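Take this structure, written in structure tokens, and hold onto it; I'll ask about it next.
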Amino acid sequence: MADKGSYERLSPFLNKIKPYLAMVSLQFGYAGMYIISMVGLKRGMNHFVLATYRHFIAFAVIAPFALVLERKIRPKLTLPIFLRIMVLGFLEPVLAQNLYFVGMTYTSATFASATANILPAITFIFALIFRLEKINLKKIPSVAKVIGTVITVSGAMLMTFYKGPIVEFISAQASHHATTAAATDKHWVLGTVMLLARCCGWSGFFILQSFTLKVYPAELSLTALICFMGALEGAVATLVIEHNMSVWVIGWDSRLLAAAYSGIVCSGIAFYVQGIVMKEQGPVFVTAFSPLAMIITAALAAIILAEQVRLGSVIGTILIVIGLYAVVWGKSKERSASMKDVKTIDHELPITHDTTRSSTTVDSKNDTTGLEENVVKVPINPQES
């Protein structure tokens, strides 16, 4: 009995921290994807092919679970829902990921993960446009969200246009610095613009996914369909852009590992987990954990890839993180206030209900009394009854 009581006390706490544990775990998965994908691209893998193989693998892994586990709850796939899935398959699997892969090769894995910190601010702006978020400048949480968004965008602009000197956190190979410095300086701004455009596409994906889950609440099936459409659209884009069929050939090396790892972990599992958390917490919460992936990626990239870290990137990242958590703080305060309002309404409802019932009872009694006064009473013989 004691064990049962302790479990009942612990269960609400576990339910409360589940979304946090899920999103933190995903950031470790994303950090691994940044490093492994960068290694595969440096080995000569085409980024269109990587994105296409990634989603074919994700579909092959997720589809059997969706068919079995959601066979009784899967809604009917109507034309409007199918069109939404087509757009979802383009926004993140094709547009965002190819911009990310090219932008990462022009900059670095650490920088690419750092630019993802602007994602909550862009998502917040889109949420305002589509009325998923509300702003009241008379309240401090709303002001914090606006100021945080401005700071985040400022940090992203600083990272784009100011590089600064190299910051040596961990001593790296000088030869690597010499060979990559020229290419990095040449494409830095273009790569940064691509990475920021990728965040816009990724944010649009989150917003549209939150709308789609309301009309198609089968997370596994939706994930499988998005991966399938993303792979199909990516294959068409690759055939149009890359006429050399040899780009499709990969071996049992880091290129296959990059496609398999990113497909299973960062497309299949990530889309599913994000969909579940998004239904409970909203799209802004889902995007609020990206700084953790940046920290993990920076440590791994400095050790494994010997990447350079610039002062502009460090300052810009600090500004982005400050702005990010101002937005998250404002969001959490508004959520707490809305929960208090709901609890207040719940407490008031029984009183109103009881009053209504009592007034209804009194009225019915009065009506009955009135009826009794108008009814002619006829004596009945007990034997006849």
Side-chain angles (χ1 to χ4, degrees), residues 13 15-24 26-27 30 111 113-162 192 195-211 274 276-296 298 312-345:
F13 173 74
N15 290 330
K16 186 176 181 179
I17 67 171
K18 273 195 303 185
Y20 296 89
L21 292 177
M23 296 312 302
V24 169
L26 280 187
Q27 302 316 307
Y30 279 126
F111 186 84
S113 63
T115 56
N117 293 329
I118 199 176
L119 185 63
I122 298 175
T123 305
F124 173 66
I125 294 172
F126 283 171
L128 280 178
I129 295 172
F130 292 101
R131 297 182 180 180
L132 293 175
E133 291 283 341
K134 295 181 180 179
I135 287 294
N136 185 357
L137 295 179
K138 295 180 180 179
K139 295 184 178 180
I140 295 178
S142 294
V143 175
K145 292 195 295 184
V146 173
I147 294 176
T149 302
V150 173
I151 294 174
T152 301
V153 174
S154 301
M157 298 298 291
L158 179 66
M159 293 175 67
T160 304
F161 298 108
Y162 174 70
T192 305
L195 290 171
L196 295 179
R198 170 249 185 171
C199 290
C200 292
W202 200 4
S203 178
F205 173 83
F206 282 127
I207 297 297
L208 184 56
Q209 186 184 20
S210 66
F211 281 120
Q274 288 168 356
I276 293 177
V277 176
M278 195 181 303
K279 288 176 68 175
E280 297 180 359
Q281 305 291 336
V284 177
F285 179 89
V286 171
T287 59
F289 292 82
S290 52
L292 180 58
M294 175 201 64
I295 295 170
I296 302 169
S313 300
V314 175
I315 298 175
T317 301
I318 293 173
L319 288 176
I320 288 174
V321 172
I322 293 173
L324 164 68
Y325 283 105
V327 174
V328 174
W329 180 84
K331 178 70 175 175
S332 64
K333 290 297 182 182
E334 287 185 345
R335 186 176 182 83
S336 299
S338 64
M339 292 298 292
K340 289 180 181 178
D341 292 340
V342 171
K343 289 181 179 179
T344 303
I345 294 172

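Along the sequence shown, residues are numbered consecutively beginning with 1. Please read these numbers as outputs of a predicted model, since none were measured by experiment.
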query: Of all residues at least two apart in sequence or in a different chain, which pass the side-chain contact (heavy atoms from CB on, under 4.5 Å) check with Val150?
result: Ser154

query: Any side-chain heavy atom of Leu208 within less than 4.5 Å of one from Phe130?
result: no

- request: Could you tell me which non-hydrogen atom of Leu137 sits nearest to which non-hydrogen atom of Val143, and how far apart they are?
  value: O-CG2, 3.4 Å

- request: List in chain and number order the residues that pass ring-ring contact (aromatic ring centres under 6.0 Å, His included) with Phe211, two or more places apart in sequence or in another chain; answer none if no residue qualifies.
  value: none

message: With a sphere of 6.0 Å drawn around CD1 of Ile17, does it hold more than 12 non-hydrogen atoms of other residues, nucleotides or ligands?
response: yes

task: Can you run down the salt bridge (Lys or Arg N to Asp or Glu O under 4.0 Å) pairs that involve residues 143-154, sequence neighbours left out, and say none if there aren't any?
output: Glu133-Lys145, Lys145-Glu334

message: Using 0.5 Å steps for rounding, measure from the CD1 atom of Ile322 to the CD1 atom of Ile147.
response: 13.0 Å

statement: side-chain contact (heavy atoms from CB on, under 4.5 Å) filter on Lys18, not counting sequence neighbours, yields Asn15

message: Distance check, rounded to the nearest 0.5 Å: Arg198 atom CZ versus Phe205 atom CZ?
response: 12.0 Å

- request: Take Lys333 and Ile140 through the side chain to side chain contact (heavy atoms under 4.5 Å, CB included) test and state the conclusion after the steps.
  value: CA-CA 9 Å; Lys333 290 297 182 182; Ile140 295 178; over 6 Å; no

- request: For Ala197, enumerate each residue passing the side-chain contact (heavy atoms from CB on, under 4.5 Å) test, keeping only those at least two apart in sequence or located in another chain.
  value: Leu99

task: Considering non-hydrogen atoms only, spot the tightest contact between Gly155 and Leu319 and give its length.
output: CA-CB, 3.9 Å

task: List in chain and number order the residues that pass side-chain contact (heavy atoms from CB on, under 4.5 Å) with Ile129, two or more places apart in sequence or in another chain; answer none if no residue qualifies.
output: Ile125, Phe126

- prompt: Can you name the closest pair of heavy atoms from Trp329 and Pro141 and give their distance?
  reply: CZ3-CA, 4.2 Å

